[in-house]
Amino acid sequence: MQLRVVPVTPFRQNCSVLWNPDTAKALVVDPGGDAEILAQVLQQMDLTLEAILLTHGHLDHAGGVAPLCRLMQDAQGKAPVVIGPDKRDDFLLSSIESQARHFGVEGLENARVDQHTTDGQTLELLGRIFKVLHVPGHTPGHVVFVDEAARIAFVGDTLFRGTIGRTDFAYGDGQQLIQSIKEKLLPLGDDIVVMPGHGGSTSLGVERMNNPFLRAG
């Protein structure tokens with residue numbers, strides 16, 4: 001599996017493009033916007049986009065889903081399947097356009113999914129197995145996608161280098177997020193590479209030792 005991170009939207013959200021070089025089939029995690037740029041990246045590498053994975057329903061993670069699906073329908077004759085997050089984030093997916101107006105961001109659209117995900121579910125994509133973990137707190141339906149064989153986790157806005165995701169929303173819960181990280185992510189192993197929704201990558205071992213939110217208590 002190959003990986004390329006493409007920052008999108010004014011929030012510089014990390015959209016991950018993954019592909020199997022043997023089959024030229026790809027998936028993207030959290031196409032928050034800049035759908036034209038993402039489509040160009042896929043076409044320049046002659047990749048077929050099979051799936052879109054969503055960690056949660058915030059505008060900078062899902063606002064580019066609808067336009068990217070339309071572009072890929074035109075380019076490859078078939079739209080990708082949209083998978084995730086947990087259904088408890090549907091209220092966010094359906095309010096992306098109002099979220100965008102609040103932040104003064106244009107070109108983002110409400111998103112619809114083909115398949116919600118649930119805790120413990122496994123997805124077979126690109127010849128690999130991705131485990132789904134429900135890690136709420138930043139949003140109620142936030143999920144994380146883990147390729148245990150490759151030792152990498154796509155964690156959205158749950159865990160960052162030295163900090164955790166925002167929980168100062170009406171639906172946020174800081175204690176729940178910390179507990180979720182400790183119970184769902186840390187047991188995966190210190191060598192797991194963490195690909196967050198913003199900023200640089202880290203590892204679970206580094207965060208276990210140094211992240212003040214995880215060391216407390």
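Just so it is clear, the values below take in all heavy atoms, side chains as well, and ignore hydrogens, waters and symmetry mates.
The shortest heavy-atom contact between Val105 and Pro10 is CG1-CD, 4.1 Å. Here the closest heavy-atom approach between residue Gly156 and residue Asp30 is recorded as CA-OD2, 4.2 Å. Scanning all heavy atoms of the two residues, the minimum distance from Arg12 to Pro7 falls at NH2-CB, 3.4 Å. The two residues Met72 and Leu49 make their nearest non-hydrogen contact at CG-CD2, 3.8 Å. Residue Leu68 comes nearest to Ala39 through the heavy atom pair CD1-N, 4.1 Å, listed as atom of the first residue, atom of the second, then distance. For the pair Leu92 and Gln99, the tightest heavy-atom approach, listed with the atom from each and the gap, is O-NE2, 2.9 Å.
A donor-acceptor pair under 3.5 Å is formed between the side chain of Glu207 and the backbone N or O of Gly162. The closest donor-acceptor contact from the side chain of Asn20 to the backbone of Met1 lies at 3.5 Å or more, if one exists at all. Between the side chain of Arg215 and the backbone N or O of Met209 there is at least one donor-acceptor pair closer than 3.5 Å. At least one donor-acceptor pair under 3.5 Å links the side chain of Asp89 to the backbone N or O of Gly57. A distance-only check finds no donor-acceptor pair linking the side chain of Ser95 to the backbone of Ser98 [under 3.5 Å]. Proximity of a side-chain donor or acceptor of Asn14 to a complementary backbone N or O of Pro196 within less than 3.5 Å is detected.
Ring geometry, His56 versus His142: the interplanar angle falls under 30°, so the pair is classed parallel (tilted spans 30 to 60°).
To the nearest 0.5 angstrom, Leu18 atom CG is 5.0 Å from Leu27 atom CG. In this structure, Ser203 OG and Ile152 CD1 are separated by 12.0 Å, a value rounded to the nearest 0.5 Å. Summarising the geometry, atom CZ belonging to Arg4 is positioned 10.5 Å from atom SG belonging to Cys15; distances are rounded to the nearest 0.5 Å. In this structure, CG in Leu159 is found 8.5 Å from CG in Leu177, a value given to the nearest 0.5 Å. Atoms CG and CD, on Leu59 and Gln13 in that order, are 10.0 Å from each other to the nearest 0.5 Å.
With a 4.5 Å cut-off on side-chain heavy atoms, Glu50 and Val81 do not count as touching. Side-chain contact between Val135 and Val155: absent, with no pair of heavy atoms (C-beta onward) separated by less than 4.5 Å. Taking 4.5 Å as the limit, some side-chain heavy atom of Cys69 sits within range of a side-chain heavy atom of Ile52. Looking at heavy atoms from C-beta onward, Leu185 lies in side-chain contact with Val144 at the 4.5 angstrom threshold. Using a 4.5 Å heavy-atom cutoff, the side chains of Ile164 and Ile178 are in contact. Between Thr202 and Phe160 the shortest side-chain heavy-atom distance does not fall below 4.5 Å. Using a 4.5 Å cut-off on side-chain heavy atoms (C-beta onward), Gln121 and His134 make no contact. Side-chain contact between Ile83 and Leu54 is absent, with no heavy-atom pair separated by less than 4.5 Å.
No side-chain donor from either of Thr48 and Gln76 sits under 3.5 Å from a side-chain acceptor of the other. Under the 3.5 Å distance criterion, with hydrogens and angles disregarded, a donor-acceptor pair is assigned to the side chains of His116 and Asp90. No side-chain donor-acceptor contact under 3.5 Å links Thr9 and Asp60.
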Worksheet item: Given Asp119 and Leu133, is the side chain to side chain contact (heavy atoms under 4.5 Å, CB included) satisfied, shown in steps?
Response: CA-CA 5 Å; Asp119 187 53; Leu133 299 176; 4.1 Å; yes
Practice prompt. Verify side chain to side chain contact (heavy atoms under 4.5 Å, CB included) between Val5 and Met195, making sure each step is shown before the conclusion.
Written response: CA-CA 9 Å; Val5 177; Met195 290 301 303; 3.4 Å; yes
Worksheet entry | Trace of the side chain to side chain contact (heavy atoms under 4.5 Å, CB included) decision for Leu53 with Phe154 | CA-CA 10 Å; Leu53 303 184; Phe154 299 89; over 6 Å; no
Fill in: Verdict with supporting geometry, Leu214 and Leu186, side chain to side chain contact (heavy atoms under 4.5 Å, CB included)
CA-CA 10 Å; Leu214 303 183; Leu186 294 186; 4.2 Å; yes
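Residues Glu109 and Arg70 are paired through a salt bridge, judged by an N-O separation under 4.0 Å between the basic side chain and the carboxylate. Using a cut-off of 4.0 Å between Lys/Arg side-chain N and Asp/Glu carboxylate O, Asp157 and Arg166 are scored as not salt-bridged. Taking the charged nitrogens against the carboxylate oxygens, Lys131 and Asp147 have no contact shorter than 4.0 Å, which rules out a salt bridge.
In the hydrophobic clustering of ILVMFWY residues, with side-chain heavy atoms under 4.5 Å counting as a link, Phe130 and Leu47 come out apart. Under the 4.5 Å side-chain heavy-atom criterion for grouping Ile, Leu, Val, Met, Phe, Trp and Tyr, Val65 is not connected to Val29 through any hydrophobic cluster. In the hydrophobic clustering of this structure, Val194 groups with Phe213; members are Ile, Leu, Val, Met, Phe, Trp, Tyr whose side-chain heavy atoms approach within less than 4.5 Å, directly or through other members. Hydrophobic clustering keeps Leu123 apart from Val28 (ILVMFWY residues linked when any side-chain heavy atoms are closer than 4.5 Å, directly or through intermediates). Following chains of ILVMFWY side-chain contacts shorter than 4.5 Å, one can reach Ile192 starting from Ile181, so the two form part of one hydrophobic cluster.
Of the candidates Gln176, Lys182, Gln175, Glu183, Gln179 forms a side-chain hydrogen bond (donor to acceptor under 3.5 Å, both in side chains) with just one, namely Glu183.
The aromatic ring centres of His58 and Phe11 sit 6.0 Å or more apart. Aromatic rings from His61 and His198 are positioned such that their centres are separated by under 6.0 Å.
More than 12 heavy atoms of other residues, nucleotides or ligands shown are found within 6.0 angstrom of CG on Asp191.
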